[in-house]
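This report refers to the structure that appears directly beneath it.
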Amino acid sequence: MIIYILSLAGVALGAYLLSCVIYHCKTLKYDSQARMDGKTVLITGASSGIGKATAEHLLLRGARVILACRNLTKTKAAVDEILSSTGVDRKMVSIVHLDLSDLDSVRKCAKEYESQARMDGKTVLITGASSGIGKATAEHLLSRGARVILACRNLTKTKAAVDEILSSTGVDRKMVSIVHLDLSDLDSVRKCAKEIIDTEKQLDVLINNAGLYESSEATTKQGYDLIFGVNFTGPFLLTYLLLDLLKKSAPSRIINKKEEGDKTDVKVYKLEQVKDHKTCKSLWLVIDNKVYDVTEFLDEHPGGEEVLLDLGGTDATEPFDNVSHSSDAREMMKKYYIGELHDDDKTKWSKPTIQTEEEPFSQSTWTNWLVPLGLALAATLLYRCVMVSKDVS
């Protein structure tokens, strides 16, 4: 009985506090009024909705706004409405075409606003710069006059990348240097930081670009989860060790690229493609919408050919879960991972729910929720009456 009364009191108190929040929020404004004169803001998808409202608000605070949208006719109409509602000068608003579904359009849009500021005399350290975004960043900064240090794990691959960068940019080789860095080994991180501190008089920009999405290995040298170690522990320690040099080189910058599981390099397969691989020479399985080539597994673990061949070329998620495979088995499967199943063929798997016997719907069931609701409404009305009377007085 005491628990029941306390539950009713808790519901009533919650309703009371919610009413207080709603009442006071109506009387307060939380919009920042800080001026943005001299600032330029680019907003994508600003022809309607939140984007358009944001453009209006920032214009009122003095910013110059660029609307990057796909439908230019709709955007021009939106600009007329924005100018009418804000009263700002038309030169404070500009439009650029941007279709996010077309990467050529994205590149063209970005090209219009690409910074051409020179970085002569600046030193930049980029981790994981032997390929991808890191390599492209190195090329761009070198073309703007910066000296770039590539901190990478595979030095052979990095040296080849440097040759390509020098060939494409035409800069002097002395503008590029290489240092070994394995973010999965904190001893390597410390050694890299010490080498930078000992050899560099300044470090103007640190770009933590290197990251890991998926790996068959389980832990770092120090025993941390490999993905956590490479994406967080290693970059954190490197930044911490180089912090004094960065402060000494002020104004300096630290740029962290968050690893979101970028799957642009992950192959995608249709289920029809998977079905073609169901023999001893080529055996594929789908587990949790991931595609695995287990052909080598047959050679490495003889004895289970019949079961695997029966499942070959199919979605084996349910059979795999039914035999209660351990986390070690799931870890081992990463070795055979080759890609993802196409979105059109993906299946949403859910764990079975525990069935419970339903209680009959009785009068007590009604009172269990009607009484607390009534008390909550009463508390709300009482609070409103009290606040109104205070306002009147």
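Throughout, numbering of the chain's residues begins at 1 and tracks the sequence.
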Any side-chain heavy-atom pair of [X] and [Y] under 4.5 Å:
| X | Y | answer |
| --- | --- | --- |
| V79 | I95 | yes |
| I43 | L58 | yes |
| I207 | V124 | yes |
| V291 | Y337 | no |
| K275 | T314 | no |
| I165 | L142 | yes |
| T137 | V148 | no |
| S47 | K52 | no |

Hey, is [X] close enough to [Y] for a salt bridge, meaning N to O under 4.0 Å?
| X | Y | answer |
| --- | --- | --- |
| K76 | D80 | no |
| K270 | D276 | no |
| D288 | K290 | no |
| E200 | R147 | yes |

If you apply the rule side chain to side chain contact (heavy atoms under 4.5 Å, CB included), what do you find for L238 with L181, and how did you get there? CA-CA 10 Å; L238 180 66; L181 171 65; 4.0 Å; yes
Begin with the C-alpha distance, continue with both residues' side-chain angles, and end with the deciding distance and a verdict on side chain to side chain contact (heavy atoms under 4.5 Å, CB included) for H140 and S143. CA-CA 5 Å; H140 180 70; S143 67; 4.3 Å; yes
Please determine which of K221, R153, R190 meets the side chain to side chain contact (heavy atoms under 4.5 Å, CB included) test together with D185.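 Among the candidates, only K221 passes.
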Check the angle between the aromatic planes of W284 and Y269 and answer parallel, tilted or perpendicular using the 30° and 60° thresholds.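 Answer is perpendicular, since the angle exceeds 60°.
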Hey, can you tell me if F236 and Y240 have their rings parallel, tilted or perpendicular (30° and 60° cut-offs)? parallel
Using a distance-only test with no angle check, is there a side-chain donor-acceptor pair under 3.5 angstrom linking N208 and T239? yes
If only side-chain N and O atoms count, and only distance matters, is there a donor-acceptor pair under 3.5 Å linking N289 with E340?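 Per modelled atom types, E340 and N289 side chains form no pair under 3.5 Å.
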Please tell me whether V96 and L72 are part of a single hydrophobic cluster in this structure, the criterion being side-chain heavy atoms less than 4.5 Å apart.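 No, separate clusters.
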[atom1]/[X] to [atom2]/[Y] distance, rounded to the nearest 0.5 angstrom?
| X | Y | atom1 | atom2 | value |
| --- | --- | --- | --- | --- |
| C152 | L183 | SG | CG | 9.5 Å |
| E195 | K191 | CD | NZ | 7.5 Å |
| T233 | D225 | OG1 | CG | 9.0 Å |
| H277 | T295 | NE2 | OG1 | 8.5 Å |
| M92 | L60 | CE | CG | 10.5 Å |
| T127 | L206 | OG1 | CG | 7.0 Å |

On a heavy-atom basis, which atom in [X] and which in [Y] lie closest, and how many Å separate them?
| X | Y | answer |
| --- | --- | --- |
| V189 | G234 | CG1-O, 3.9 Å |
| A138 | L150 | CB-CD1, 4.4 Å |
| V230 | P235 | O-CD, 3.1 Å |
| T123 | I149 | CG2-CD1, 3.8 Å |
| M119 | L141 | SD-CD2, 3.6 Å |
| H97 | C109 | O-CB, 3.7 Å |

Answer yes or no: is there a donor N or O on one side and an acceptor on the other, between the side chain of [X] and the main chain of [Y], under 3.5 Å?
| X | Y | value |
| --- | --- | --- |
| R90 | L83 | no |
| T86 | L59 | no |
| S252 | L246 | yes |
| D182 | S188 | no |

Can you check side chain to side chain contact (heavy atoms under 4.5 Å, CB included) on L242 and L125, steps first, answer last? CA-CA 11 Å; L242 295 175; L125 174 67; 3.7 Å; yes
Any chance you could lay out the side chain to side chain contact (heavy atoms under 4.5 Å, CB included) test for S168 and E139, step after step, and finish with the verdict? CA-CA 8 Å; S168 64; E139 289 179 342; 3.3 Å; yes
